[in-house]
Amino acid sequence: MRTSWADAVAAENAASGSSNINGPGGAPHPGRSSYVPPHLRNRPPASDPPAPSYSGPTSGNDRLGYGGPTSELRSGGFRPDYGHQGYVGVGGRGRGGVGGWSSREPAFDEQENSGINFDAYEDIPVETSGENVPPPVNTFAEIDLGEALNLNIRRDLMVSAQTGSGKTAAFCFPIISGIMRGQFARPRGYRTVYPLALILSPTRELSIQIHEEAKKFSYQTGVKVVVAYGGAPITQQLRELERGVDILVATPGRLVDLLERAKVSLEMIRYLTLDEADRMLDMGFEPQIRRIVEQMDMPPRGVRQTLLFSATFPKEIQRLASDFLSNYIFLAIGRVGSSTDLIVQRVEFVHEYDKRSHLMDLLHAQKANGVHGKQALTLVFVETKKGADSLEHWLYTNGFPATTIHGDRTQQEREQALRSFKRGNTPILVATDVAARGLDIPHVAHVVNFDLPNDIDDYVHRIGRTGRAGNTGLATAFFNENNSSLARPLADLMQESNQEVPAWLTRYASRASYGGGKNKRSGGGGRFGGRDFRRDGSFGRSGGGGTDYYSGNSSGGYGVSGGYGGGHGPGVTSAWD
DNA sequence: AAAAAAT
């Protein structure tokens with residue numbers, strides 16, 4: 001989803017450039033955005049693409065109705081028709097495709113700017129459930145932006161959608177469109193602003209990224225997007241807010257702060273989006289989210305529209321999430337290509353004490369693979385912040401240009417690290433799970449799970465940083481006896497993704513037996529794909545004591561063993577993003 | 001057990 005069409009072009013402006021304020025006193029004209037998307041900068045006016053402003057039902061024949069995407073969208077495999085040509089595999093395409101990692105060296109350059117591999121879309125299974133599901137739209141040309149879109153976007157949604165396919169767009173478009181056509185009389189509070197839409201995400205960098213994307217989409221629509229997140233001076237964000245906000249993108253902590261200061265009111269919220277929704281509702285975040293959604297002044301479900309997006313949706317989380325939804329549609333959209341064959345997954349048995357030298361071997365082998373004198377980007381996940389610092393230091397002293405991103409670094413350092421990585425200045429990024437979800441970093445050729453996570457869902461998100469938008473990628477995991485609880489779910493995931501599962505891992509997996517109900521996908525064969533928990537029979541069951549999953553008990557009965565009957569049935573997980 | 005998120 002996120003990004004990508006126009007994004008490779010956007011390398012330049014991470015966070016800093018985004019919030020240019022016209023110095024004090026230099027207030028711009030309201031309603032007229034001074035922001036120019038990166039892909040339109042430094043161009044003669046004549047070559048500017050048409051403004052994507054909404055112009056009625058008949059003008060919607062442009063793909064996505066968005067005038068802005070660069071030529072990229074068309075370059076790599078864009079097909080104006082959706083005629084069925086069958087899925088020929090990624091390697092079968094011209095410039096958009098890349099040969100398998102196993103047989104070739106990664107072709108960094110070929111992955112660049114290839115756009116989305118639309119051929120691979122042919123194989124995507126789409127599943128919907130719920131009442132009165134609107135008919136599918138197969139081409140953008142057939143969208144009647146008027147009534148159909150209106151109808152489509154009226155319902156609450158729980159969505160699983162693939163990487164690099166336009167997920168941000170999927171929730172931004174209806175919001176922007178709805179705001180543009182709506183007549184919303186907003187109160188004028190003294191220094192209180194009343195956004196119409198709220199988009200919450202679990203990390204600051206993801207909020208920044210969503211903000212960037214949303215700004216591109218709302219260019220010249222008059223719709224104002226503002227981002228608020230912690231670790232950065234609040235005053236600047238306050239100034240932006242006071243200049244007007246329709247869509248607020250935020251991380252939960254900073255938003256609560258703003259709400260307590262009465263700088264923001266949620267009274268007028270018509271659209272609520274939780275990106276990485278399962279993450280937002282896990283034990284760490286749930287209380288904050290409930291507070292924002294249920295205990296402030298936000299209109300109740302059914303009045304506002306609520307959109308939940310994530311690649312992974314454990315059933316326990318779906319159950320929680322239904323607290324926020326009203327008569328919603330569950331939508332599962334398959335990945336580009338057949339499951340993970342776009343990402344070659346490797347697992348290697350590496351003892352703790354061998355990890356560093358093993359990593360060095362991988363990096364050495366990869367050094368040759370860069371283009372234009374630049375190394376292919378490698379994202380290395382570790383378990384702890386200390387571990388990240390220490391590994392980065394070790395790499396650096398051994399001559400590898402590495403940097404690190406984790407929660408103990410200052411926000412400035414975090415954003416700097418990400419920028420430096422994206423630009424290839426430090427083509428190795430050592431990260432904790434702060435970088436596991438949602439971040440769209442073009443040209444990540446290799447994800448290394450130096451330390452494997454304990455939850456298979458985290459693994460899914462981590463490796464999803466590569467192989468995006470129809471491109472191939474490589475994911476290497478270092479497995480040892482400390483990861484035995486992951487053996488089974490990992491082996492199952494790999495099998496489902498048509499990956500080669502090492503015999504030793506299979507043995508580990510069978511040894512692990514039914515090691516607790518925590519890890520999903522243990523139930524035979526685990527069908528891959530989003531699945532609406534309402535269809536699983538357990539829906540509405542009132543477990544003995546008349547407990548009902550929708551009520552009270554906000555203390556998060558998720559993940560807690562026994563929280564939900566023994567965990568049978570394959571978990572709802574997917575390798576989407 | 002760890003990570004993230006407000007100051």
Side-chain angles (χ1 to χ4, degrees), chain A residues 15 198-211 227-238 241 248-264 274-293 295-296 310 312 317 352 379-391 404-415 417-418 429-439 449-462 465 480-486 515-516 518-519 556 558-561:
Chain A
L198 176 63
I199 300 170
L200 291 172
S201 97
T203 66
R204 297 164 183 172
E205 288 74 17
L206 184 51
S207 280
I208 291 168
Q209 178 182 300
I210 294 168
H211 174 240
V227 66
Y229 56 91
I234 200 171
T235 51
Q236 187 171 322
Q237 294 171 7
L238 283 173
L241 285 168
L248 177 58
V249 185
T251 49
R254 178 52 60 90
L255 176 62
V256 167
D257 191 7
L258 290 167
L259 291 168
E260 283 173 346
R261 299 181 190 210
K263 298 296 185 186
V264 171
L274 301 189
D275 200 7
E276 307 296 346
D278 58 332
R279 181 76 186 78
M280 302 300 282
L281 293 172
D282 81 7
M283 287 186 293
F285 268 123
E286 192 210 344
Q288 267 183 306
I289 300 301
R290 281 199 187 274
R291 191 162 167 218
I292 292 167
V293 177
Q295 290 157 31
M296 306 304 264
S310 181
T312 50
I317 297 286
E352 287 298 328
L379 183 49
V380 182
F381 281 105
V382 296
E383 204 53 18
T384 67
K385 295 179 277 198
K386 274 189 175 177
D389 277 337
S390 131
L391 180 58
T404 180
I405 185 168
H406 60 69
D408 273 354
R409 305 202 80 193
T410 68
Q411 191 54 30
Q412 246 187 346
E413 289 170 331
R414 286 167 57 159
E415 289 174 34
L418 201 51
L429 180 64
V430 182
T432 61
D433 270 331
V434 69
R437 282 175 176 260
L439 296 185
N449 273 292
F450 188 90
D451 302 319
L452 273 165
N454 295 313
D455 189 328
I456 191 66
D457 284 355
D458 294 333
Y459 173 84
V460 164
H461 285 280
R462 285 179 177 187
R465 296 316 99 213
N480 62 38
E481 56 280 351
N482 297 330
N483 311 114
S484 48
S485 73
L486 197 71
K518 165 70 175 144
N519 263 321
Y558 137 72
V560 184
S561 63

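All heavy atoms count here, side chains included; hydrogens, waters and symmetry mates do not. Residue numbers start from 1 in every chain, and the chains themselves are labelled A, B, ... in the order their sequence lines are given, proteins ahead of strands.
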Ignoring hydrogens and angles, answer whether the base of B/dA4 and the side-chain atoms of A/Arg204 contain a donor-acceptor pair closer than 3.5 Å.
->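 Donor-acceptor pair under 3.5 Å: no.
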
Whole-Å distance between [N] [atom2] and [X] [atom1]?
{"X": "A/Glu260", "N": "B/dT7", "atom1": "CD", "atom2": "P", "value": "12 Å"}
{"X": "A/Asn483", "N": "B/dA2", "atom1": "CG", "atom2": "P", "value": "15 Å"}
{"X": "A/Arg462", "N": "B/dA4", "atom1": "CZ", "atom2": "C1'", "value": "13 Å"}
{"X": "A/Gln236", "N": "B/dT7", "atom1": "CD", "atom2": "P", "value": "14 Å"}
{"X": "A/Phe381", "N": "B/dA3", "atom1": "CZ", "atom2": "C1'", "value": "12 Å"}
{"X": "A/Glu205", "N": "B/dA4", "atom1": "CD", "atom2": "P", "value": "10 Å"}
{"X": "A/Ile234", "N": "B/dA6", "atom1": "CD1", "atom2": "P", "value": "10 Å"}
{"X": "A/Glu286", "N": "B/dA3", "atom1": "CD", "atom2": "P", "value": "22 Å"}

How is [X] classified with respect to the nucleic acid when contacts are heavy atoms under 4.0 Å: base, sugar-phosphate, or nothing?
{"X": "A/Val434", "value": "sugar-phosphate"}
{"X": "A/Asp433", "value": "nothing"}
{"X": "A/Arg261", "value": "nothing"}
{"X": "A/Gly284", "value": "base"}

Qualifying residues under ring pair (Phe, Tyr, Trp, His ring centres under 6.0 Å), relative to A/Phe450, sequence neighbours excluded |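 By the ring pair (Phe, Tyr, Trp, His ring centres under 6.0 Å) rule, A/Phe450 matches A/Phe478.
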
Phosphate oxygens OP1/OP2 of B/dA4: is one of them under 4.0 Å from a side-chain N or O of A/Lys385?
-> yes

Give a yes/no answer on whether the side chain of A/Arg254 brings an N or O atom under 4.0 Å of OP1 or OP2 in B/dA5.
-> no

Measure across A/Tyr229 and A/Gln237 and return the closest heavy-atom pair with its distance rounded to 0.1 Å.
-> O-NE2, 3.0 Å

Could you pull out the closest heavy-atom pair between A/Asp451 and A/Glu383, with the gap in Å?
->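 Heavy-atom minimum between the residues: OD2-N, 2.9 Å.
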
Quick one: which of B/dA4, B/dA6, B/dA2 gets closest to the side chain of A/Thr384?
->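 Within the option list, the nearest is B/dA2.
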
From B/dA5, B/dA6, B/dA3, nucleotide with atom closest to A/Thr203 side chain |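 In terms of side-chain proximity for A/Thr203, the closest of B/dA5, B/dA6, B/dA3 is B/dA5.
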
Quick one: salt bridge (charged side-chain N to carboxylate O under 4.0 Å, His left out) partners of A/Lys263, sequence neighbours excluded?
->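 With sequence neighbours excluded, A/Lys263 shows a salt bridge (charged side-chain N to carboxylate O under 4.0 Å, His left out) to no residue whatsoever.
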
Would A/Asp389 and A/Lys386 pass as an ion pair if we require N to O under 4.0 Å?
->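 Salt bridge flag = no for A/Lys386 with A/Asp389.
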
